[in-house]
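Chain identifiers are assigned alphabetically (A, B, ...) following the order of the sequence lines, protein sequences preceding nucleic acid strands; residue numbering begins at 1 within each chain. These numbers come from a predicted model, not from an experiment.
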Amino acid sequence: MKPQIAELLSAAVSQLKTDGVIPADHEARIQVDNTRDKSHGDLATNLALTLAKPAGKNPRQLAQALVDALPESALVEKVDIAGPGFINFFLSQASTNSLLQNILEQKEDYGRNHSGEGKKVQVEFVSANPTGPLHIGHGRGAAVGDCICRLLEANGWDVTREFYYNDAGAQINNLALSVQARCKGLTPEHESWPEDGYRGDYIKDLADSFMNGDTVQSEDQSFTGTGDADDLDAIRHFAVAYLRREQDLDLKAFEVNFDVYFLESSLYTDGKVDAAVKTLIDNGYTYEEGGALWLRTTDFGDDKDRVMRKTDGGYTYFVPDVAYHLDKWQRGFTRVVNEQGADHHSTITRVRAGLQGLEADIPTGWPDYVLHQMVTVMRGGEEVKISKRAGSYVTLRDLIDEVGRDATRYFLAARKADSQLTFDIDLARAQSSDNPVYYIQYAHARVCSIFRKLAEAEQSWTVEQGMAALDQLALDSEKDLIVTLGRFPDVVKKAGAANEPHQIANYLKELASDFHTYYNSEKTLVEDEALRNARLTLAEAVRQVIYNGLLLLGVSAPEEM
RNA sequence: GCGCCCGUAGCUCAACUGGAUAGAGCAUCGGCCUUCUAAGCCGAGGGUUGCAGGUUCAAGCCCUGCCGGGCGUGCCA
């Protein structure tokens, strides 16, 4: 309903410009907010406050002038001027009726918009290296990243989900050496175990599988173990394929899917790394020193220059990353969101510097980054630090197995990414109102239950009957609930613009709470047929919006609990 | 030392890109089942938004300086 009110205000502003009250060249930013206090109506604007200075008038006078210039609208019951000059709108029954009608007509589309205009956006997330099972930090990245994708889709963007993984380099070599050591019967306690080797139990499983000659198949590759413990290259390939398969299975269990798996190694084989390096050299942003090639990142705001090519001839990690991002740009993604752990934030400056050095007309602040902070896992009031399988960290699989996909997704996506997160396993498992996931899902199930009861009583309800009866909804609690339903499209828009899925989670909690309150105070299946039909319409609208919201989080909406 | 992020009720977190009296849940205390699922609802107490300045008609939010925590500060990724 905000857009309609904003339109009325816009018309009023134009009128006042014509009248010479407001300077004609002033660009007014019209902001319509939900009110916190019901005595302030349903929606409010600070327009008179922001226009006071350019108009050279006191805000209350200006507010009165704006109100006088507002076009008539059936949506508005009453307009007040309050406080320092806020304009408060009280919505009419006609507006709440039409809102319910919209929800029931648009169904799954209610809340979606076309602001992205079908433009291409790429979201890169998880991007775990294939050196072990996914840990809880990857889980947070997966939940947040996937929800961002769903939000962007809801806002009309054409989204590509991409997973980038490092299948070359020092860590992979380290992995291969660890597996090889296991193939030769060594354990991590042994004195000749590789320094900085991976020690988890999964290394042993992997070695056994390689020695058995198993064939592993992942999303994008397959490889058969040769059983030759001296063939480090074969071990490397096998280990990568094996762990990729394992990560794929975890992601599938988490209901996170990718459109593109991008291999770092392909940047080398396609010559894209060399090409990027050559361009940087040709553009004069590099120099040799101490046997290494340096990129002058200080030209682009870094606090010191960075090594590109090491003395051993290999490139540092951010060089292929620059080539990768140039590739993204060339694929036509004018908007790219990179969801990563905050421990990698130092790459941002380097990648952006490298991209600027390529002089490819890439905007300075491109791409966007969403960084998530660390996750701490608690059980029984104690911090959980390790899993048996991975050894040194809690895996995503552990969580899914213990608390389920819905709760895991919800808890990992329900917090602002840039604050540290405490994952309380006991709470996530709780089947009570303490647990926000159950609380929200239960609201959905309750509506379904009402309709089951209706069928049992051999009564019926249709949208048409409901629409005809909407004037029966006269209670404050009913209007409150409808106003909350009306906020949903705006929440989707704002959450999408800010890459903040947690806003959806918060909204759903609020909506569920409003509904539970209403459910408890007013019976839906009353004798009076018109009132019953009206309340069923409201209940169905609530169900639809909860369903739509849960879908954005990738959490299921059960019909019974 | 320097850079980035965070600091809100005892705990976990909100506060809609600067708005009106900072809100929920948990925990504590007190109520509500003959009634569509009590897996729920209602009520009470609980705050100098880390500290000190500044900008603004208006600051939890923006600026400066401190304090505390996290991450980074690799020719690791």
Open item on the list: Would you say the ring centers of A:Phe125 and A:Phe163 fall short of 6.0 Å from each other?
Closed with: no
Open item on the list: The side chain of A:Tyr519 is closest to which nucleotide in this list: B:C75, B:C71, B:C36?
Closed with: B:C36
Open item on the list: Within the 4.0 Å heavy-atom criterion, would you say A:Glu560 contacts the bases, only the backbone, or no part of the nucleic acid?
Closed with: base
- [ ] Could you tell me whether A:Phe300 and A:Tyr285 have their ring centroids closer than 6.0 angstrom?
- [x] yes
Task: RNA chain B: 5'-proximal contact among A:Val526 and A:Ala168 (nearest heavy atom) - done: A:Val526
- [ ] Find the partner of B:C41: check Watson-Crick (N1-N3 plus N6-O4 or O6-N4) and G-U wobble (N1-O2, O6-N3) distances, both under 3.5 Å, and reply none if neither fits.
- [x] B:G31
TODO: Name the nucleic acid region contacted by A:Met374, choosing base, sugar-phosphate or nothing; use a 4.0 angstrom heavy-atom cut-off, strictly under.
DONE: sugar-phosphate
Open item on the list: Looking at A:Arg446, I'd like to know whether one of its side-chain N or O atoms comes within less than 4.0 Å of OP1 or OP2 on B:A38.
Closed with: yes
Open item on the list: How many whole angstroms separate atom CZ of A:Phe318 from atom P of B:C75?
Closed with: 10 Å
Open item on the list: Base contacts versus sugar-phosphate-only contacts with protein, heavy atoms under 4.0 Å: please encode nucleotides 9-22 of chain B as B, S and - from 5' to 3'.
Closed with: ---SSSSBS-BBB-
TODO: For A:Thr316, answer base if it contacts any base atom (sugar-phosphate contacts may also be present), sugar-phosphate if it contacts only those atoms, and nothing otherwise; contact means non-hydrogen atoms under 4.0 Å.
DONE: sugar-phosphate
Open item on the list: Distance check needed: B:A39 C1' versus A:His516 NE2, whole Å only.
Closed with: 9 Å
Open item on the list: Using a 4.0 Å heavy-atom cut-off, does A:His345 contact any base of the nucleic acid, only the sugar-phosphate backbone, or nothing at all?
Closed with: base
TODO: Pick base, sugar-phosphate or nothing for A:Tyr507, based on heavy-atom distances below 4.0 Å to the nucleic acid.
DONE: nothing
Task: Any-strand Watson-Crick or G-U partner of B:G3, both distances under 3.5 Å - done: B:C71
Open item on the list: Tell me the interatomic distance from A:Asp167, atom CG, to B:A77, atom P, rounded to whole angstroms.
Closed with: 13 Å
TODO: Have a look at A:Glu522 and say if it touches a base, only the backbone sugar-phosphate, or nothing, with a 4.0 Å heavy-atom cut-off.
DONE: base
Open item on the list: If only side-chain N and O atoms count, and only distance matters, is there a donor-acceptor pair under 3.5 Å linking A:Thr298 with A:Asp305?
Closed with: yes
Task: Minimum-distance nucleotide (side-chain atoms of A:Ala170 versus B:C71, B:C6, B:C76) - done: B:C76
Open item on the list: Using OP1 and OP2 only, check whether a side-chain N or O of A:Tyr439 sits under 4.0 Å from B:A38.
Closed with: no
Open item on the list: Does either side chain, that of A:Tyr165 or that of A:Glu264, offer a donor lying less than 3.5 Å from an acceptor on the other one?
Closed with: no
Open item on the list: Students often get this wrong, so: under 4.0 angstrom with heavy atoms, is A:Gly290 touching a base, only sugar-phosphate, or nothing?
Closed with: base
TODO: To the nearest Å, give me how far apart CD1 (A:Ile450) and P (B:C36) are.
DONE: 11 Å
TODO: Identify whether any heavy atom of A:Ala342 sits under 4.0 Å from a base atom; if not, whether one sits that close to sugar-phosphate; answer base, sugar-phosphate or nothing.
DONE: sugar-phosphate
Open item on the list: I'd like to know if A:Thr517 reaches the base of B:C41 with its side chain, counting only an N/O donor and acceptor under 3.5 Å.
Closed with: no
Task: Distance, rounded to the nearest Å, where A:Asn533 contributes CG and B:C36 contributes C1' - done: 15 Å
- [ ] May I ask which nucleotide in the shown strands pairs with B:C26, Watson-Crick or G-U wobble, both distances under 3.5 Å?
- [x] B:G10
TODO: Indicate yes or no for a side-chain donor-acceptor contact from A:Arg535 to the backbone of A:Lys523 under 3.5 Å, with no hydrogens or angles considered.
DONE: yes
- [ ] Mind calculating the distance between CG (A:Asp302) and C1' (B:G72) to the nearest angstrom?
- [x] 12 Å
Task: Where the chi angle of B:C33 falls, syn if within 90° of 0 and anti if not - done: syn
Open item on the list: Ring of A:Trp157, cation from A:Arg335 - is the NZ or CZ under 6.0 Å from the centre and inside 45° of the axis?
Closed with: yes
